[in-house]
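In each ligand, atom 1 is the first atom listed, and ligand 1 is the first ligand listed. These figures come from a predicted structure and were not determined experimentally.
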Amino acid sequence: MTAFLANYHTHTTLCDGTDTPAAMAEAAYAKGFAALGFSGHMDPAVHMDWEEYRDAIGALRERWMGRMDVLTGVELDQCRPRDAVPGAEYVIGSTHFIPLPDGGLGCVDHTFEDARRVCAEYFGGDWYRMAAAYYEAEAQVYERTRCDIIGHFDLITRFNHEHPCFDEEDPRYLRPAMDALEILARTGAVFEVNCGAYNRGRRRDFYPARPLLKRLRELSAPVCLSSDAHCAALLDGGFADAAEAMRACGFREIAVWKHDGPAGQVVRTAVRL
Ligand SMILES: [Zn+2]
Ligand SMILES: [Zn+2]
């Protein structure tokens, strides 16, 4: 399917996943993975004991060495500078929250009721205004987290399939999204094509949706393939369909990471899609 099967967006029982890191690694190896990157959450809603996590994944790396490369990543959100996670080998930068005028944070992906309440209370019930605020925060995700990977770029659409609230083709939605996309494309960070919501039947498309993915191709932005797995069964969920969608948009390669640097550090390279 891809020349180098890997996933770098992986959650476990150490944050909000349902399988242990060891079980995830076993399953990845059984599926023929060449590399597995863990990306526990460190954000205002889900917060791990960083040292416990880093040590657990480091021990797994030792156990699997020579058979499958195991990497210690992290998924950062608000106010978590890279210094807060010493030893992280790569960072996924994600926006799950919109900063609110009263200093609070409005979660966009927890429940539809939550998102609707935030929209009603802070954006006068106007989903386009809320989406614009989301993309304003998303445009800063690289500055906030110094990420290697831009996570689920258009997460604001999380409930829009089950509960249609805005038209994803409307310029009021697309313009702020495209603006954020172009700002982030200039950083050189890799955009993930995230199968998480697709796998759980929440969306018919991946993050980012097709029009955004096509624009990324025009901008020659690098992309990678992510399952955003919260359980072992979905580690490679959606990969074949997502790879086909990426090829249809003109992508011919994806970014991968492995311990291949001169001092054994993680380096990014590209493989054929
Ligand atoms: Zn996320
Ligand atoms: Zn995630």
Side-chain angles (χ1 to χ4, degrees), residues 6-21 24 27-28 36-48 50 53 57 71-80 82 84-85 88-99 105-112 114-115 118 131 134-135 137-142 144-161 180 184 189-203 205-209 212 223-239 242 257:
N7 178 51
Y8 301 93
H9 196 152
T10 311
H11 297 289
T12 70
T13 45
L14 296 180
C15 57
D16 58 351
T18 54
D19 286 305
T20 61
M24 291 301 251
L36 177 64
F38 289 90
S39 60
H41 285 288
M42 290 291 270
D43 70 42
V46 191
H47 196 103
M48 303 183 298
W50 173 252
Y53 168 81
I57 308 304
L71 297 83
T72 307
V74 65
E75 183 174 6
L76 297 183
D77 194 302
Q78 297 286 327
C79 314
R80 298 294 310 180
R82 198 161 185 157
V85 287
E89 295 177 310
Y90 66 91
V91 171
I92 299 177
S94 294
T95 301
H96 308 93
F97 304 93
I98 302 175
L105 293 170
C107 188
V108 301
D109 74 328
H110 182 231
T111 64
F112 176 63
D114 266 8
V118 169
Y134 168 82
Y135 282 115
E138 175 63 1
Q140 295 163 13
V141 72
Y142 180 80
R144 279 204 316 271
T145 63
R146 295 288 154 189
C147 55
D148 303 282
I149 300 172
I150 293 161
H152 42 62
F153 172 79
D154 49 350
L155 186 67
I156 188 67
T157 62
R158 160 74 176 80
F159 300 108
N160 208 37
H161 172 59
L184 293 175
V190 175
F191 284 76
E192 68 167 2
V193 175
N194 180 310
C195 305
Y198 178 82
N199 285 336
R200 287 177 269 186
R202 293 169 179 169
R203 283 184 59 76
D205 209 348
F206 312 96
Y207 300 118
L212 302 168
V223 291
C224 69
L225 192 49
S226 290
S227 60
D228 198 350
H230 288 67
C231 67
L234 291 177
L235 267 167
D236 57 351
F239 274 13
W257 289 259

Handout entry: 2.8 Å shell around the Zn ion (ligand 2), exclusive bound, protein N/O/S atoms
Key =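 Under the 2.8 Å cut-off, the count stands at 4.
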
Practice task
Output all residues satisfying side-chain contact (heavy atoms from CB on, under 4.5 Å) with Ala209, sequence neighbours left out; order by chain, then residue number.
Solution key: Asp154, Glu168, Arg203, Asp205, Pro211

Can you confirm whether the side chains of [X] and [Y] place a donor and an acceptor under 3.5 Å from each other?
X      : Y      : answer
His9   : Asp228 : yes
Glu138 : His152 : no
Ser227 : Asn7   : yes

Fill in the blank from the handout: The reported gap from OH in Tyr53 to OG1 in Thr12 (rounded to nearest 0.5 angstrom) is 7.0 Å

Practice task
Give a yes or no on whether the backbone of Asp114 and the side-chain of Thr111 come within a donor-acceptor separation of less than 3.5 Å.
Solution key: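 Such a contact is found between Thr111 side chain and Asp114 backbone.
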
